[in-house]
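Right, one structure below, let's go through it.
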Amino acid sequence: MSFPLLTATAALPAIGAIATAAVPAARRTAAKWLALLFSLGTLVLAAVVFLRFEPGGDRYQLTESRAWIADFGVRYELGVDGIGVALLGLTALLIPFVIVAGWHDADPLETKSTRWRPTQGFFALILMVEAMVILSFVATDVFLFYILFEAMLIPMYFLIGGFGDRAHTGTDESAATQRSYAAVKFLLYNLAGGLIMLAAVIGLYVVAGSFSLSEIAEARANGSLEMATSTERWLFLGFFFAFAVKAPLWPLHTWLPNAMGEATAPVAVLITAIVDKVGTFAMLRFCLGLFPEASKWATPVVITLALISIVYGALLAVGQRDIKRLIAYASISHFGFIILGIFAMTSQGQSGATLYMVNHGISTAALLLVAGFLITRRGSRLIADYGGVQKVAPVLAGTFLIGGLATLSLPGLAPFVSEFLVLVGTFSAYPVAGIIATSGIVLAALYVLVLYQRTMTGPVQESVRSMPDLRARELAVAVPLIAVLIFLGVFPKPLTEVVNPAVEHTMSDVQKKDPQPEVEAAK
């Protein structure tokens, strides 16, 4: 029996979570280093998965299958495709940076109304989220995926509600109230989507007699599985609603600005750069893979919602006064681009959407974590409380600028490649939608450059005059992320080689071919 590499990759952070939580309360530093070591070990295993994956091989590789709940046909079934391996790598790459960036975020804060902040619990919860997300990217049993999809809400709820941002303009009581509100809103929105998905999962089993993606695909190929059109559409809607909440897609997005605003910067990265990618990934794997006809039927509506997300998110980002909420609304706009690329049903669009998931995760992590360092120094999230930072902390300002330029998809940085592919794929199939989507690029330039101008340039405000520049620990977070953004911006081939074959499988599932360009015959 071959070594269960995928299980080991997910199990290592879960073991690390238990070990970190068990460290004695007084040994906070030991707990931090233990969590970091387990996250680095997971990164090594993820690299092995990436190297062992063969882009031209079987659709699902490194497969594992064990009976789990035999009476209900549920199996512990894992397998990774090109899209899953790219997102697994993203998750394993970012978690060590999240841990290092949040090194002091859960240290005890001694004030008259602030309780003990359990450092061990903070890092244990991060590792537990990592384990569940990795498993969700490799689960090929629908019921197993559903369990993970819902279970990851529990540690995220405690990370948002229990470890909020200390840079709050109100009292400690109002800060706690807003954290609780954000955490409950996050939980209720995602639980509502999950419950609707559960009904669809049960319906799928009734129709297909299996939860296994490979068995369902085989049954469809040999003609033994036939879904009525109305049944397929209802099941599609049940799955899509849950994924649209997680993604987040307008108008189901309202939980995200609250959650990101009240969470610490590393937890905000965990939300938008890692956990939310489960929603867009699942649209490709489950919506298009299980319900191809219903996906094509829903395409006009989904593209319309994606366009609204792009423009709406960008417009609200322009008007924000809070740095983290600005980045949250920018992410809503970026997720609109990802969903647009998925449902454009072209190979360029879907390749671009997958690359966008990876590149958005890296660029958002770079911008948000540097913004977190800035906010920690000043103790405020309000843009108006800054000015002239580049004169007193030039390295901080420079890394902030590069993260912002990546967010607006500057050529030479990783997000440009993915956004370009999404727009090319959309233009070829839906020209009007492509034209509308380009407005998001213009607005992105506006909100990023205005944010930089108001915080980093101009006269030095008295409150930032003594602000220190980035320290060694913070440079260890910012510099590698920027290096990855530049590397993938000029050489995206390592990702495209892995992603493109998986996209071809998805295009085959929905029986779509790229539209041929219209060329006038020479006279």
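These figures come from a predicted structure and were not determined experimentally. Atom set for the values below is all heavy atoms of this structure, side chains included, hydrogens, waters and symmetry mates excluded.
Distance check: Arg377 CZ to Asp469 CG gives 7.0 Å after rounding to the nearest 0.5 Å. In this structure, CD1 on Ile95 lies 10.0 Å from CG on Leu93, to the nearest 0.5 angstrom. Note that CD of Glu474 and CG of Leu374 are 10.5 Å apart. Values are rounded to the nearest 0.5 Å. For the atom pair OG of Ser214 and CZ of Arg59, the computed distance is 10.5 Å after rounding to the nearest 0.5 Å. Note: Ile126 CD1 to Leu36 CG = 11.0 Å, rounded to the nearest 0.5 Å. Summarising the geometry, atom NE2 belonging to His334 is positioned 15.0 Å from atom OH belonging to Tyr329; distances are rounded to the nearest 0.5 Å.
Enclosure of atom CZ in Arg454 is not indicated, since only 12 or fewer non-hydrogen atoms of other residues, nucleotides or ligands lie within 6.0 angstrom. Dense packing is recorded around OH of Tyr452, with more than 12 heavy atoms of other residues, nucleotides or ligands lying under 6.0 Å away.
Under a 3.5 Å cut-off, the side chain of Arg378 and the backbone N or O of Asp385 do form a donor-acceptor pair. Side chain of Gln461 to backbone of Ala384: a donor-acceptor contact under 3.5 angstrom is found. Using a distance-only test at 3.5 Å, with no hydrogens or angles considered, a donor-acceptor pair links the side chain of Gln120 to the main chain of Pro24. For the pair Lys277 (side chain) and Ala247 (backbone), a donor-acceptor distance under 3.5 Å is absent. Looking at Thr407, its side chain does come within 3.5 Å of a backbone N or O of Gly403 through a donor-acceptor pair. A donor-acceptor contact shorter than 3.5 Å links the side chain of Trp255 to the backbone of Val245. Although no hydrogens or angles enter the test, the distance criterion places a donor-acceptor pair under 3.5 Å between the side chain of Gln61 and the main chain of Asp58.
Aromatic ring orientation, Phe143 versus Phe211: tilted (interplanar angle from 30° to 60°). Classified by interplanar angle (parallel below 30°, tilted 30° to 60°, perpendicular above 60°), the ring pair Phe145/Phe281 is tilted.
The minimum heavy-atom distance linking Leu495 with Val358 is given by the pair CD1-CG1, 3.9 Å. Taking every heavy atom of both residues into account, Tyr146 and Gly194 meet most closely at CE1-O, 3.2 Å. Closest approach of Gly404 and Leu367 over heavy atoms only: N-CD1, 3.8 Å. Across all non-hydrogen atoms, the minimal contact from Leu413 to Ala406 is CD1-N, 3.5 Å. Pairing each heavy atom of Ala365 with each of Val269, the nearest pair is CB-CG1, 3.8 Å. In plain terms, the two heavy atoms of Asn359 and Ser418 that are nearest each other are ND2-OG, 3.3 Å.
Taking 4.5 Å as the limit, some side-chain heavy atom of Arg325 sits within range of a side-chain heavy atom of Asn258. Proximity of Tyr157 to Val184: side-chain heavy atoms (C-beta onward) are separated by under 4.5 Å at one or more points. Inter-residue side-chain proximity for Val267 and Met156 is flagged as met; some heavy-atom pair is nearer than 4.5 Å. Looking at heavy atoms from C-beta onward, Thr272 lies in side-chain contact with Phe335 at the 4.5 angstrom threshold. You'll find the side chain of Ile99 reaches within 4.5 Å of the side chain of Leu127, heavy atoms only. Two residues are said to be in side-chain contact when any heavy atoms from C-beta on lie closer than 4.5 Å; Leu481 and Leu94 meet this criterion. Within the 4.5 Å cutoff, side-chain heavy atoms of Met132 are placed close to those of Met128. At least one side-chain heavy atom of Val498 sits under 4.5 Å from a side-chain heavy atom of Phe50.
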Under the side chain to side chain contact (heavy atoms under 4.5 Å, CB included) criterion, do Thr140 and Arg285 qualify, and how do the steps go? CA-CA 9 Å; Thr140 56; Arg285 173 167 285 188; 4.1 Å; yes
Show your working on side chain to side chain contact (heavy atoms under 4.5 Å, CB included) between Leu213 and Tyr60 and close with a plain yes or no. CA-CA 10 Å; Leu213 290 179; Tyr60 295 114; 3.8 Å; yes
Pair Ile482, Val479 - check side chain to side chain contact (heavy atoms under 4.5 Å, CB included), show working. CA-CA 5 Å; Ile482 290 172; Val479 172; 5.9 Å; no
Start with the C-alpha gap between Leu284 and Met357, add the side-chain angles, then the distance that decides, and say whether side chain to side chain contact (heavy atoms under 4.5 Å, CB included) holds. CA-CA 12 Å; Leu284 278 166; Met357 294 184 223; 3.7 Å; yes
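Between Asp141 and Arg75 there is no salt bridge, since no side-chain N of the basic residue sits under 4.0 Å from a carboxylate O of the acidic one. Between Arg381 and Glu262, at least one side-chain N (NZ, or NE/NH1/NH2) sits under 4.0 Å from a carboxylate O, which counts as a salt bridge.
Cation-pi geometry between Lys246 and Phe149 is met: under 6.0 angstrom from the ring centre, within 45 degrees of the axis.
Partner of Thr7 under the side chain to side chain contact (heavy atoms under 4.5 Å, CB included) criterion, chosen from Leu135, Leu78, Leu62: Leu78. With Val138 as the partner, the side chain to side chain contact (heavy atoms under 4.5 Å, CB included) test is satisfied by one option alone out of Thr63, Leu5, Val80: Val80.
Side-chain N/O atoms of Ser463 and Tyr386 include no donor and acceptor closer than 3.5 Å. Counting only N and O atoms by type, the side chains of Ser212 and Glu77 include a donor and acceptor under 3.5 Å apart. Inspection of the Glu130 and Ser39 side chains reveals no N or O donor paired with an N or O acceptor under 3.5 Å. There is no side-chain donor-acceptor pair under 3.5 Å between Tyr447 and Gln320.
Contacts classified as side-chain hydrogen bond (donor to acceptor under 3.5 Å, both in side chains) and involving residues 41-57 (residues at least two apart or in different chains) are not found. Legend: side-chain hydrogen bond (donor to acceptor under 3.5 Å, both in side chains) pairs involving residues 361-371, not counting sequence neighbours, sorted by first then second residue: His360-Thr364.
Under the 6.0 Å cut-off for aromatic ring centres, Tyr76 and Trp68 do not qualify, their centroids lying 6.0 Å or more apart.
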What side-chain donor-acceptor pairs closer than 3.5 Å can you find for residues 395-402, not counting sequence neighbours?
unit_1 : atom_1 : unit_2 : atom_2 : d
Thr399 : OG1    : Val395 : O      : 3.1
Thr399 : OG1    : Leu396 : O      : 2.9

